[in-house]
Amino acid sequence: MAELAGWLHFEIAYTPVLAVHSLILDDLLPHATSVGLNEVELGLFAKDIFADYQETDACDVTLKRFHAAIAQRAGDHPAPAIFFHTAGLYCSVDTSNRVDHAAFAASAARAEAIIIKSRSTPESKPFEKPVDFAATLCNACPECGIPEGAIFAHYPKLIAPITSTVGLGDTISSALAVGMML
């Protein structure tokens, strides 16, 4: 599929339907070029994949383990890049050298500017939210097949109050995928 499309981005959405989880993990992700998800969706799929997963597990460790699991499911195909999004962080995990860090950073900065402009109120003020796992996020993870430099992070400014956050992360990671094609 990805060969036909050139770049196939798949955005994971929250669903409690286990049959859909299986379809996504086994039939869709192995063919994707990139996949977007947030911390809630990561936890949901981590429960399906890892028998030892706990909701208290560090998000950066779970993200790296998730990448290793989908890389294994991809078989002969290159592992899809992960575009992870949460409040105060956009990051890519890519072991197939498809994600250009400069293009990712430029796309993330454009998304940040658009969000601040389009979702601000007259009372909105920009602020930064520290991400609790930022210090270890970009570290290599040899046991997960993630070498040094395979993880890139962008820490955007946020605004409060914001008019709406519905669909915001999905829009951002989809825009990041489009940025990789430009």
Side-chain angles (χ1 to χ4, degrees), residues 2 5-16 20 24 28-29 32-46 55 57-64 66-67 70 79-139 146 149-182:
W7 189 292
L8 180 62
H9 179 75
F10 187 78
E11 193 63 39
I12 290 181
Y14 178 86
T15 177
V20 173
I24 291 168
L28 297 176
L29 292 188
T33 310
S34 60
V35 56
L37 74 163
N38 65 25
E39 70 280 7
V40 174
E41 296 151 351
L42 176 63
L44 184 73
F45 281 85
E55 290 186 11
D57 289 354
C59 192
D60 63 318
V61 173
T62 302
L63 182 61
K64 293 170 186 177
F66 179 75
H67 184 274
I70 63 172
I82 296 175
F83 294 150
F84 180 76
H85 49 86
T86 188
L89 170 70
Y90 312 147
C91 84
S92 67
V93 182
D94 176 35
T95 56
S96 300
N97 296 316
R98 291 193 209 127
V99 176
D100 177 280
H101 291 180
F104 183 91
S107 295
R110 281 192 302 271
E112 177 183 349
I114 290 167
I115 290 162
I116 289 173
K117 182 177 179 180
S118 67
R119 301 208 178 187
S120 290
T121 69
E123 296 80 32
S124 293
K125 303 282 185 245
F127 70 97
E128 293 181 16
K129 177 184 180 207
V131 177
D132 58 353
F133 54 89
T136 56
L137 173 66
C138 292
N139 294 350
I146 299 174
I151 301 175
F152 181 76
H154 177 80
Y155 301 95
K157 289 185 180 72
L158 303 173
I159 53 171
I162 188 167
T163 58
S164 172
T165 61
V166 175
L168 190 55
D170 295 347
T171 302
I172 291 165
S173 66
S174 296
L176 293 170
V178 170
M180 296 302 101
M181 294 183 276
L182 300 177

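- No donor-acceptor distance shorter than 3.5 angstrom exists from the side chain of Ser107 to the backbone of Leu176, with no hydrogens or angles considered.
- Ring-plane geometry between Phe152 and Phe104 is classed as perpendicular, the angle between the planes exceeding 60 degrees on a 0 to 90 degree scale with a lower cut at 30.
- Applying the side chain to side chain contact (heavy atoms under 4.5 Å, CB included) criterion to Ala111, with sequence neighbours excluded, gives Ile172.
- In terms of heavy-atom proximity, Glu11 sits nearest to Leu37 at OE2-N, 3.9 Å.
- Glu112 contributes a side-chain N or O that, together with a main-chain N or O of Lys157, makes up a donor-acceptor pair within less than 3.5 Å.
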Step by step, would you call Thr33 with Leu8 a side chain to side chain contact (heavy atoms under 4.5 Å, CB included)?
CA-CA 5 Å; Thr33 310; Leu8 180 62; 4.2 Å; yes
Pair Val93, Phe83 - check side chain to side chain contact (heavy atoms under 4.5 Å, CB included), show working.
CA-CA 7 Å; Val93 182; Phe83 294 150; over 6 Å; no
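- Nearest heavy-atom pair across Ser173 and Gly36 is OG-CA, 3.7 Å.
- Between the OG1 atom in Thr136 and the CG atom in Asp60 there is a gap of 3.5 Å [rounded to 0.5 Å].
- Checked against salt bridge (Lys or Arg N to Asp or Glu O under 4.0 Å), Glu55 has the following partners two or more places apart in sequence or in another chain: Lys47.
- Minimum interatomic distance between Cys91 and Leu63 (heavy atoms only, all atoms of both residues): SG-CD2, 3.8 Å.
- Atom-to-atom distance recorded for His101:NE2 and Ile151:CD1 is 9.5 Å, nearest 0.5 angstrom.
- Here the CD atom belonging to Glu39 is positioned 9.5 Å from the CG atom belonging to Leu89, to the nearest 0.5 angstrom.
- Ser124 meets the side chain to side chain contact (heavy atoms under 4.5 Å, CB included) test with Ser120, Thr121, Ile159, Pro161; sequence neighbours excluded.
- The two residues Trp7 and Ser34 come nearest to each other via the heavy atoms NE1-OG, 2.9 Å.
- Interatomic distance, CD1 of Ile115 versus CZ of Arg110, reported as 12.5 Å (0.5 Å rounding).
- Sorted pairs that involve residues 87-99 and meet side chain to side chain donor-acceptor pair (under 3.5 Å), not counting sequence neighbours, are lacking altogether.
- Minimum interatomic distance between Pro80 and His67 (heavy atoms only, all atoms of both residues): O-NE2, 3.6 Å.
- Residues passing the side chain to side chain contact (heavy atoms under 4.5 Å, CB included) test with Asp132, sequence neighbours excluded: none.
- Taking all atoms of both residues into account, the shortest heavy-atom contact from Thr62 to Leu42 is CG2-CG, 3.8 Å.
- Partner Ile24 forms a side chain to side chain contact (heavy atoms under 4.5 Å, CB included) with one of Val35, Leu29, Ile70 and no other, that one being Leu29.
- In this structure, Ala13 has no side chain to side chain contact (heavy atoms under 4.5 Å, CB included) partners at least two apart in sequence or on a different chain.
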